[in-house]
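Notes to accompany the following structure.
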Amino acid sequence: MAGQPLRPLPAPKSDFIGLEGKVHLATGGEPPLLVKHREAFEAFAIDKARGFDGYWTHWKVDDEVRVTVARMMCLEPGDIALLGNASDGIMSVVSGIDWRPGDNVVAPELDYASGRYALASLKARGVELRLVPARGWALNEDDLLAACDSRTRLVYVSQVNALTGQHVNLEKLSAGLNDGPMLLVDASHAFGVVPLRGDLSDFLVTACYKFALGIHEGILGWNRRRQPDFAPGGAGWSSATAGPTAADYVMKPDARRFEYGNAGHLGAYLLRESLTYLESFGIDAITAHVRSLAERLIAGVGALGLEVMTPAGPENHAGNVCFRCADPEAVMRRAAEEAILVWSDNGRVRISVHLFTTQGDVEIFLERLPRFLR
């Protein structure tokens, strides 16, 4: 969007499908799709009906998406793999490390299961999983660094914690690791709402269906400057080229080596539209917008005497605000009866604000929350 004036926030709700008459505060679980996605789907369908030429147009769209994603991640287009989901990206990284008995991996105890389970699977290979507890609900980056030693091979952390909404200081973590263990960052609750820094980690994975406004697919960013020789533990027709015999292959030189088969072409058409839309407002402007609204939610929820899990201070969170109460699911159901959508799981309520959220949306929720708690 270079050279074009940025659109003002909040974004019009009329740009989205199904937001009429709703207060949508559930993007951390499922966001609405764009009206423009109908055109993107139509373009995909038309290309799919074009046979051979249409099929290769799908791959051209994939490459357009790589360029945009790379720009947003501070990486290069060749660093970007389009995968089925973020968990595929995590396991692709885990599968490519030459593990030895006595190695260890480090992750926050409160981080999402996709990372914890992937690392826990290494126990059968003699690898220790070190889970770092939070202080209250907040992860201290110093504690994560202190858990590492000379046998630590990988540190996994979410840029924005799915359970608590905390935004982790990646600059501090990256500097503290000091070219020691590899750093794998999950940006699923950051992509599309706060800036990404793939240059600070060895690998960056993300889902596309949350704040990035896409569908259920994933992306892996491979920082080839930090890990130039890395390769996943598997291969497929799309990740390699023919070797000297039918029993040999050569890995592709870029992140396509992580794509064993077809990329999710429909998802790429939709994500191309989503990222163009997000960039028309500017990620920095979106960040300022959501952090201001989140600060109001943190203060408003806390004023009701509820246990707020999300740390205050704009730099400490993104678009999610989480709190505990006696019956989180009842709060979600009562809110839904009044066309207010929030998210409830893991014993807490999560409220998510994004570029289409208005100050009025936040005030309506806070005004009615005492009634939802009864």
Side-chain angles (χ1 to χ4, degrees), residues 1-4 40 43-44 47 54-86 88-90 92-93 96 159 170 174 182-188 190-215 217-232 235-241 250-280 282-284:
M1 303 302 296
Q4 298 184 26
F44 168 79
D47 286 337
Y55 174 72
W56 288 107
T57 299
H58 292 341
W59 289 99
K60 291 177 183 177
V61 173
D62 295 345
D63 289 340
E64 290 179 33
V65 170
R66 295 182 212 276
V67 171
T68 304
V69 169
R71 180 171 63 246
M72 297 177 77
M73 288 187 172
C74 299
L75 294 172
E76 299 296 327
D79 297 339
I80 305 302
L82 306 181
L83 305 177
N85 49 62
D88 284 348
I90 294 169
S92 292
V93 172
Q159 181 173 341
L170 293 180
S174 183
M182 288 181 281
L183 177 60
L184 169 59
V185 174
D186 189 332
S188 294
F191 184 30
V193 69
V194 291
L196 305 185
R197 291 292 306 276
D199 57 319
L200 294 175
S201 62
D202 299 275
F203 303 96
L204 184 76
V205 300
T206 182
C208 298
Y209 70 94
K210 296 180 183 293
F211 294 89
L213 304 178
I215 60 173
E217 294 181 344
I219 293 171
L220 169 64
W222 167 31
N223 189 339
R224 290 180 292 167
R225 291 179 296 282
R226 291 172 59 134
Q227 296 293 333
D229 301 319
F230 192 88
W237 69 264
S238 185
S239 66
T241 56
V250 178
M251 280 283 188
K252 288 183 176 177
D254 57 18
R256 291 175 298 167
R257 64 176 52 188
F258 293 92
E259 298 175 2
Y260 298 151
N262 274 292
H265 301 306
L266 172 58
Y269 279 70
L270 299 176
L271 190 61
R272 178 177 61 172
E273 197 65 56
S274 299
L275 300 185
T276 298
Y277 183 80
L278 291 167
E279 288 196 318
S280 74
I283 294 299
D284 289 341

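The structure displayed is predicted, hence computed values, not measured ones.
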Q) Excluding sequence neighbours, so at least two apart, what forms side-chain contact (heavy atoms from CB on, under 4.5 Å) with N262? A) Y55, W59, W237, H265
Q) Does some side-chain heavy atom of I219 sit less than 4.5 Å from a side-chain heavy atom of L271? A) yes
Q) To the nearest 0.5 Å, how far apart are CZ in F230 and CH2 in W222? A) 8.5 Å
(Q) For A86 versus A207, what's the shortest heavy-atom pair and its separation? (A) CB-N, 3.7 Å
**Q.** Test side-chain contact (heavy atoms from CB on, under 4.5 Å) applied to Y269 - qualifying residues, sequence neighbours left out
**A.** A43, F44, D47, T57, H58, V61, R272
**Q.** Counterpart residues, salt bridge (charged side-chain N to carboxylate O under 4.0 Å, His left out), relative to E76 (two or more places apart)
**A.** none
Q.
Would the distance check show the side chain of S274 and the main-chain N or O of L270 forming a donor-acceptor pair, the cut-off being under 3.5 Å?
A. yes
Q. Taking only residues two or more places apart in sequence or in another chain, which ones pass side chain to side chain donor-acceptor pair (under 3.5 Å) with D202?
A. R226, Q227
Q: Kindly indicate, with the supporting measurements, whether the criterion salt bridge (charged side-chain N to carboxylate O under 4.0 Å, His left out) is fulfilled by D254 and K252.
A: CA-CA 6 Å; D254 57 18; K252 288 183 176 177; over 6 Å; no
Q.
Within the 4.5 Å heavy-atom criterion, are L220 and V93 side-chain neighbours or not?
A. yes
Q: Could you check if a side-chain atom of E64 sits within less than 4.5 angstrom of a side-chain atom of T68, using non-hydrogen atoms only?
A: no
(Q) Suppose we screen for side-chain contact (heavy atoms from CB on, under 4.5 Å). Which residues come up paired with A240, at least two apart in sequence or across chains? (A) Y249
**Q.** Distance (rounded to the nearest 0.5 Å) between R197 CZ and N223 CG
**A.** 11.0 Å
(Q) Which heavy atom of P195 sits nearest to which heavy atom of D284, and what is that distance? (A) CG-OD1, 3.6 Å
Q. What are the two closest non-hydrogen atoms of A263 and D62, and how far apart are they?
A. CB-OD2, 3.7 Å
Q) Can you name the closest pair of heavy atoms from P77 and A70 and give their distance? A) N-CB, 3.4 Å
Q | side-chain contact (heavy atoms from CB on, under 4.5 Å) partners for S201, two or more places apart | A | L183, V185, L204
**Q.** Partners meeting ring pair (Phe, Tyr, Trp, His ring centres under 6.0 Å) with F211 (sequence neighbours left out)
**A.** H354
Q | Q159: partners by side chain to side chain donor-acceptor pair (under 3.5 Å), with sequence neighbours left out | A | H167
**Q.** side chain to side chain donor-acceptor pair (under 3.5 Å) partners for S188, two or more places apart
**A.** D186
Q.
With heavy-atom distances below 4.5 Å as the criterion, would you say the side chains of E217 and L266 are in contact?
A. no
Q. So do P232 and Y260 actually touch side chain to side chain, heavy atoms under 4.5 Å?
A. yes
Q | Separation of S92 OG from L184 CG (nearest 0.5 Å) | A | 10.5 Å
Q) Excluding sequence neighbours, so at least two apart, what forms side chain to side chain donor-acceptor pair (under 3.5 Å) with N85? A) none
Q) Are M72 and F191 close enough that some pair of their side-chain heavy atoms sits under 4.5 Å apart? A) yes
Q: Under the salt bridge (charged side-chain N to carboxylate O under 4.0 Å, His left out) rule, collect the residues that match up with E259, sequence neighbours excluded.
A: R66
(Q) Just to verify, what does D88 make a salt bridge (charged side-chain N to carboxylate O under 4.0 Å, His left out) with, not counting sequence neighbours? (A) none
Q) For the atom pair SG (C74) and CG (L196), what is the distance rounded to the nearest 0.5 Å? A) 7.5 Å
Q) Under the 3.5 angstrom rule, does the side chain of R225 hit a backbone N or O of D199 as a donor-acceptor pair? A) no
